[in-house]
Structures are given as C-alpha cells and as structure tokens.
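First up is the structure itself, then whatever we jot down about it.
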Amino acid sequence: MTPITVIILTKDEAMHIARAIASVQAFASRVLVVDSGSSDATVQLARAAGAEVLHHGWTTHAGQFNWALDQITGQPGWVLRLDADEVVTPALAAQIAQGLPDVAGLRLRRHIHFLGQPVRYGGVCPIRVLRLFRNGTGWCEDRWMDEHIVVDGDVGDLQGAIIDDNHKPLDWWVAKHNGYASREVIDILNQRHQIGLAHPGPQQAGAKRWIKQNLYNRLPGGLRAGLYFFYRYVVRLGCLDGRQARQFHILQGFWYRYLVDAKLAEVERYMTAQNTGVVTAIRDVLGIDLVADIRETRKDAA
C-alpha cells in the first residue's frame, strides 16, 4: 500500500489523541504528532498509541502544519491532515486502504458533532474539505484563519468521512472561538488595509471563499451576521436539528459571526480615535503583535 503519513497538531489533547490515532491505524504508515507544549498527557498517550512526536512552538495552524510538512520533505506517499478531535470513519479508512486515485489531492466529507450530537442541517454538514494529498504537491495557506490545504494538480473526491467530535465543555468552545474571531479580524483587516501579511487568493478554497470575501464581507457589519443566521437556521433548516445542534447553529452561525463584526468595529474605532495604524490597533485592542509576522512575510517575498 502507498505510504500515508498522518499529521496531527496537538496541545492538551489527552482527551482525544488516542482515539484519533486509532482511527487511522488501518492505513497509516506513520503518524506524526506535532505538539506545541501540552501540559497534560497528550505526548505520552500519543507515543503509547504508536505515533512519533515532534515539538514545535506554536505559530498559527498554517505555520505549524507547514513546519510539519518540512520534516517529511522528499518522502514518498500521501499526507493526511487530521485534527486531534477528529476521527476517520471506518468506511473512509477502508476506502483509503484499498488504494487512491491518480490525482494530487482528495476532498473528504467532514461531519460535525456538537456537545455529542450530530449536526445534520444548516448547510454545514457534511462539507467537502481537501485533507489528503501527495507529499510534495500540497501545503497550507498562510492565513490567520480559515486556512485550507492547496495542491498543485488535479483534485478528486472520496465518499468517506471524517467526524469532528470534540468532547471538551462549552466554555472551552467559547474561548476557542473568541480567539478565532480575533484571528479572522486580522485576515479581514489584512485584506482591507494590505498590512503586509501573506494573503493568498482562494485557489482550491473555491466558491465559499469567493462569496465570503466578495459578497458577505461587503455587507454592513452586524446585519450580515443576522442574514447568515437566517439563511442557515431557516432557509437551510438548521431549526430541524436536535437541541445541541441548534445551539451550534446559534453560537457558530450567529454569535461567532457577530463577535467578528464587533471586534472588527472596535479595532477600526480605535484607529480613528487614536489616529493610529492598523497594526498598532490590533496590538492594543486584540493583544496580538504582528510585527514579527509582517517581517517574516516580507523576508519570504524578497
């Protein structure tokens, strides 16, 4: 069978890591866990499950994943990107084990479970994500948020699925998405003000990215969050989901999108009130210093 390296990024994922590794054992020739400083038993559990563990200080999801790819440069076979709280379904594992088509990358179906309940409606499950690709043909977009794998070459599809099923409590989810909102604000400000961060075009992210950048982001802040929630909860029948899944639509489909708009407005008000630049405003309001990232981007461009 063609060698397949599974890359999993971790920090404090003792609750999930053994489950993720077990789900790929039928086809993975190597599981590479890149840990960014776990304080729990993540590293020990990963090694006990048969994974190789490397350590690398956290940058961004894209930077961390691309660093992992650098560690396997030139090695034959395929790469699967898997989050620590995801599992490969038995059906997908069987498909992969049977052999892969002659393409550069493959999109997989991705389902979400929220607080233990499958999300079935709202137009968000399943979605197609490019996660499996030939080593050397793909990389992760250098974005702060909503990064995708892109490949040089043709892309195909597999019918099997991965499932995002995080068992951590709601407080953890809220804190994570608060951080995500700040990162998404940085991407929007980078697009608006050209502040010097790498920001590639849509490429294989496709229609969803184009709609978000060229239609959704042009609507008034706040209003667009409400319109998106109406589309997802009413038009795409998210209201028919179970209780926990409905909570997911409300929190991720409205609260999170409104939080992004509120944080964006806060940064731009600060820029006006303090007569300061966008990079300084991001540092003062969001607590994120971009100077090193901008310097690194300019160095790479040179």
Side-chain angles (χ1 to χ4, degrees), residues 4-28 30-65 67-68 79-93 108-120 124-127 129 131-132 140 145-147 160-183 241-252 255-256:
I4 298 177
T5 298
V6 179
I7 295 177
I8 306 175
L9 309 182
T10 60
K11 184 175 182 182
D12 294 335
E13 289 290 355
M15 186 178 291
H16 302 114
I17 189 61
R19 182 189 66 173
I21 295 171
S23 75
V24 302
Q25 287 180 338
F27 62 85
R30 182 184 186 189
V31 178
L32 188 61
V33 169
V34 180
D35 190 77
S36 57
S38 291
S39 59
D40 62 10
T42 297
V43 170
Q44 296 90 327
L45 290 170
R47 287 179 175 146
E52 176 184 350
V53 179
L54 300 179
H55 299 274
H56 189 252
W58 183 256
T59 53
T60 62
H61 283 91
Q64 197 80 340
F65 186 78
W67 182 88
V79 176
L80 173 67
R81 176 187 175 182
L82 188 70
D83 290 345
D85 59 359
E86 293 175 338
V87 293
V88 171
T89 61
L92 176 58
L108 315 174
R109 295 158 63 91
R110 180 173 179 266
H111 295 265
I112 297 174
H113 291 188
F114 186 72
L115 300 179
Q117 187 171 73
V119 179
R120 303 185 186 280
V124 293
C125 291
I127 58 172
V129 289
R131 291 290 194 88
L132 187 59
C140 192
M145 187 63 191
D146 195 29
E147 72 285 343
I162 56 177
I163 299 176
D164 178 336
D165 185 17
N166 195 293
H167 289 178
K168 293 182 180 180
L170 185 58
D171 273 356
W172 173 87
W173 188 95
V174 169
K176 182 183 77 167
H177 280 74
N178 182 47
Y180 282 177
S182 294
R183 288 160 51 185
D241 263 318
R243 176 179 294 177
Q244 293 96 295
R246 293 198 305 272
Q247 292 171 355
F248 175 76
H249 292 305
I250 295 167
L251 289 170
Q252 202 268 346
W255 173 81
Y256 171 73

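- Of the inter-residue distances, the one linking H249 atom NE2 with D241 atom CG reads 4.0 Å to the nearest 0.5 angstrom.
- Partners of F65 according to the ring pair (Phe, Tyr, Trp, His ring centres under 6.0 Å) rule, which considers only residues two or more places apart in sequence or in another chain, do not exist here.
- For L82, the side chain to side chain contact (heavy atoms under 4.5 Å, CB included) test picks out V6, I8, A20, S23, V24, E86, V88, I162, with sequence neighbours left out.
- Remark: the backbone N or O of H167 is paired with a side-chain donor or acceptor of H16 at under 3.5 angstrom.
- Shortest non-hydrogen contact noted between V34 and A68 is CG2-CB, 3.7 Å.
- Note that OG of S38 and CD of Q44 are 9.0 Å apart. Values are rounded to the nearest 0.5 Å.
- Taking R30 as the reference, E52 meet the salt bridge (charged side-chain N to carboxylate O under 4.0 Å, His left out) condition, with sequence neighbours excluded.
- Remark: D40 pairs with no residue by the salt bridge (charged side-chain N to carboxylate O under 4.0 Å, His left out) rule, at least two apart or across chains.
- Partners of A181 according to the side chain to side chain contact (heavy atoms under 4.5 Å, CB included) rule, which considers only residues two or more places apart in sequence or in another chain, are Y256, L259, V260, K263.
- Heavy-atom minimum distance, P118 versus A245: O-CB, 3.7 Å.
- With sequence neighbours excluded, no residue satisfies side chain to side chain donor-acceptor pair (under 3.5 Å) with D83.
- How far CG of L54 is from CG of L32: 4.5 Å, rounded to the nearest 0.5 Å.
- With contacts defined as side-chain heavy-atom distances shorter than 4.5 Å, the pair I7/R81 does not qualify.
- To the nearest 0.5 Å, atom CG of residue D35 and atom OG1 of residue T10 are 3.5 Å apart.
- Take H113 and apply the side chain to side chain donor-acceptor pair (under 3.5 Å) test, not counting sequence neighbours, and it matches no residue.
- Listed by first and then second residue, the salt bridge (charged side-chain N to carboxylate O under 4.0 Å, His left out) pairs that reach into residues 10-19 are E13-K168, R19-D165, sequence neighbours excluded.
- With rounding to the nearest 0.5 Å, the separation of CZ in R246 from CG in L251 is 12.5 Å.
- With sequence neighbours excluded, the residues forming a ring pair (Phe, Tyr, Trp, His ring centres under 6.0 Å) with H56 are W67, listed by chain and number.
- Considering only residues two or more places apart in sequence or on other chains, F114 meets the ring pair (Phe, Tyr, Trp, His ring centres under 6.0 Å) condition with W173, F248.
- For Q117 (side chain) and R243 (main-chain N/O), a donor-acceptor pair under 3.5 Å exists by modelled atom type.
- In this structure the side chain of H55 reaches within 4.5 angstrom of the side chain of V43, judged on heavy atoms.
- L92 CG to L132 CG: the interatomic distance, rounded to the nearest 0.5 Å, is 8.0 Å.
- By the side chain to side chain donor-acceptor pair (under 3.5 Å) test, H111 pairs with no residue at all, sequence neighbours left out.
- Taking 4.5 Å as the limit, every side-chain heavy atom of R47 sits out of range of all side-chain heavy atoms of V33.
- Take W172 and apply the ring pair (Phe, Tyr, Trp, His ring centres under 6.0 Å) test, not counting sequence neighbours, and it matches no residue.
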